[in-house]
Amino acid sequence: MKVILGICGSIAAYKAATLIRLLVKSGADVRVVMTPDASNFITPLTLSTLSKNPVLVDYFTPETGEWNNHVELGLWGDVMIIAPASANTIAKMAGGLCDNLLMAVYLSAKCPVYFAPAMDLDMWKHTATQENIDKIRSFGNTLIPPGTGELASGLHGEGRMAEPEEIIDFLFSDIKSKQPLANQKMLVTAGPTYEAIDPVRFIGNHSSGKMGFAIADELAKLGADVTLVSGPSAQISGEHSVKRINVTSAAEMLDACLQNYSNAKACIMSAAVADYTPVTVAQQKIKKKEDGFSIDLKKTTDILNELGRKKSTGQILVGFALETNDEEINAIDKLQRKNLDFIVLNSLSDEGAGFKKDTNKITIIDKALVKTVYDLKTKDDVARDICAKIVELIKNENI
Ligand code: CTP
């Protein structure tokens, strides 16, 4: 996340140092712009060292002869936080005044703006301040409320800037709550399953799990609460919030899915589940025989089919079909037989699609049999397309 941190002249400016450290620690790229008065409270050197980026105060940096492009900085940020936000700066924000670089960046920024006021209790309570706050909130700016406690004046009351940890918690939970899949539980399967023959051998397949992991990560980025049931796979999820359940066999995958199904809004079954498993698993390693050798197999439970049978109103179920011939006919048959909302069709005849590849080429067919054909893309981009379809279904409650 690219964060523009605006700092105003207030004793609370010293808290900006901790705020920058916490933002950087969370993985954010932070650029600081401060009012000239703020640099009386904390030095730009401290803040540039912590943010690992130059700190901007004026339109023009005399040492380098550089003009500081406020428009570029305003457009760079994913989010702008003004902390501390003084009564003076809040008034300027409400009136659209532009007498310093911070205000020019604020007026140029297209990203969400958060502001954490810091001032004395009577300044905070003043009708002018409260009206200015109402006004900038009506612009879409978000107030990070001040706390109550001892103030710089020695008085006790409301107006203390929120602590840096509180600002971080507020920011992340607010961003998360505004994401398209916030508070939605999602279940994803990925990878192959291994069906044991004896203690050292199994029946498996070449699935790497890349597609399922990319989908789980993308759903998490959209704010979903994701459970990923993965067969044996070397993949690692890039999103810390994804809850991974490791399984080996189709039977274990079925159990894990059933346990996490009832409260899932959407289930995306991208695992390459074995269709058959040995009838018995030899307790000891099977020794080689003179001639041929055969293993009796029985059908595994079709997990997707099972979930389709149990599907309740409002749940979304997505399956995959990997086909070599009569692709669309086979995919539509699976879509309808398994009670899916849409099916993602991969054709092995498409170059760049299939197991162990970094790319995929898909066609999505929904239950109204509307077909969308996508170009060959990276699996991350394909995951984005699939998740966009889920967001669209949820948004339209078109389930
Ligand atoms: N699937 C499943 N459980 C199984 C088998 C498959 O959940 N035991 C799911 C896969 O995760 C995928 C879809 O079903 O989403 C694939 O459908 P399937 O009919 O099994 O396709 P194929 O394995 O290709 O089988 P077929 O031989 O019928 O084409």
Side-chain angles (χ1 to χ4, degrees), residues 186-196 202-216 219 226-233 235 244-261 264 266-279 297-311 315-350 353-356 360-367 379 382-383 385-387 389-390:
M186 304 273 154
L187 174 65
V188 181
T189 63
T193 63
Y194 287 177
E195 308 303 318
F202 60 85
I203 298 171
N205 60 66
H206 291 297
S207 168
S208 62
K210 278 181 187 159
M211 195 64 250
F213 275 71
I215 292 169
L219 290 170
V226 184
T227 299
L228 171 65
V229 179
S230 173
S233 166
Q235 297 298 309
R244 177 172 175 172
I245 301 176
N246 289 321
V247 296
T248 304
S249 64
E252 287 172 14
M253 188 172 275
L254 172 67
D255 282 350
C257 287
L258 290 178
Q259 274 169 29
N260 290 281
Y261 185 50
C267 303
I268 303 94
M269 302 284 110
S270 71
V273 188
D275 289 327
Y276 292 92
T277 190
V279 172
L297 300 176
K298 62 178 181 196
K299 237 178 164 178
T300 57
T301 303
D302 187 323
I303 303 169
L304 186 59
N305 194 55
E306 199 58 21
L307 301 189
R309 277 194 328 107
K310 293 183 190 310
K311 193 166 83 167
Q315 262 186 325
I316 297 170
L317 188 57
V318 180
F320 276 70
L322 179 65
E323 307 291 341
T324 53
N325 56 293
D326 297 327
E327 287 95 338
E328 280 180 37
I329 297 170
N330 286 328
I332 291 170
D333 172 56
K334 278 174 200 170
L335 169 86
Q336 293 175 333
R337 203 164 21 92
K338 300 189 185 192
N339 190 20
L340 309 182
D341 294 278
F342 67 88
I343 191 154
V344 182
L345 167 64
N346 303 285
S347 170
L348 271 189
S349 56
D350 282 326
F355 285 171
K356 295 210 162 148
N360 204 356
K361 178 157 177 26
I362 61 161
T363 298
I364 288 182
I365 306 175
D366 67 19
K367 62 182 178 189
K379 286 191 171 168
V382 171
D385 291 334
I386 294 169
C387 296
K389 179 83 184 166
I390 291 169

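What you are looking at is a predicted structure, and each value in this text was computed from that prediction instead of being measured. First listed ligand is number 1; within each ligand, the first listed atom is number 1. Residues: numbered from 1 along the sequence shown.
What sits closest to atom 1 (N) of ligand 1 on the protein, heavy atoms only, is D302 OD1, 3.8 Å. Atom 4 (C) of ligand 1 has as its closest protein heavy atom V273 CB, 3.4 Å. Of the protein's non-hydrogen atoms, the one nearest atom 7 (O) of ligand 1 is L304 N, 2.9 Å. The single protein non-hydrogen atom nearest to atom 16 (C) of ligand 1 is F320 O, 3.0 Å, given as residue, atom name and distance. Taking atom 15 (O) of ligand 1 as the reference point, the nearest protein heavy-atom neighbour is M269 O, 2.6 Å. The protein non-hydrogen atom at the shortest distance from atom 3 (N) of ligand 1 is I303 N, 2.9 Å. The protein atom (non-hydrogen) at minimum distance from atom 5 (C) of ligand 1 is D275 OD1, 3.4 Å. If you check which protein heavy atom lies closest to atom 21 (O) of ligand 1, you get K334 NZ, 3.0 Å.
Panel note: side chain N339, backbone K311; no donor-acceptor pair is recorded below 3.5 Å.
Atoms of ligand 1 lying under 4.0 Å from at least one heavy atom of T300, given by number and element, are 8 (N).
The closest side-chain heavy-atom distance from T193 to V247 is not below 4.5 Å. Inter-residue side-chain proximity for I386 and I362 is flagged as met; some heavy-atom pair is nearer than 4.5 Å. Contact annotation: the side chain of I268 approaches that of I390 to within less than 4.5 Å [non-hydrogen atoms, C-beta and beyond]. The shortest side-chain heavy-atom distance between E323 and K334 falls under the 4.5 Å cut-off. For the pair L258/K310, a side-chain contact is recorded, criterion being any heavy-atom separation below 4.5 Å from C-beta on.
Ligand 1 has K338 within reach: a non-hydrogen atom of the residue lies less than 4.0 Å from it. The closest approach between a heavy atom of T301 and any atom of ligand 1 is below 4.0 Å.
In this comparison of G319, A271, S207, A251, the heavy atom closest to atom 10 (C) of ligand 1 sits on A271.
Among the atoms of A321, none of the N or O lies under 3.5 angstrom from an N or O of ligand 1.
Between L317 and the options L304, I343, L335, a side-chain contact (heavy atoms from CB on, under 4.5 Å) holds for only L304.
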Residue pair K298, T277: steps toward the side-chain contact (heavy atoms from CB on, under 4.5 Å) verdict: CA-CA 5 Å; K298 62 178 181 196; T277 190; 3.7 Å; yes

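Atom CG of D255 and atom CD1 of I245 lie 11.0 Å apart (nearest 0.5 Å).
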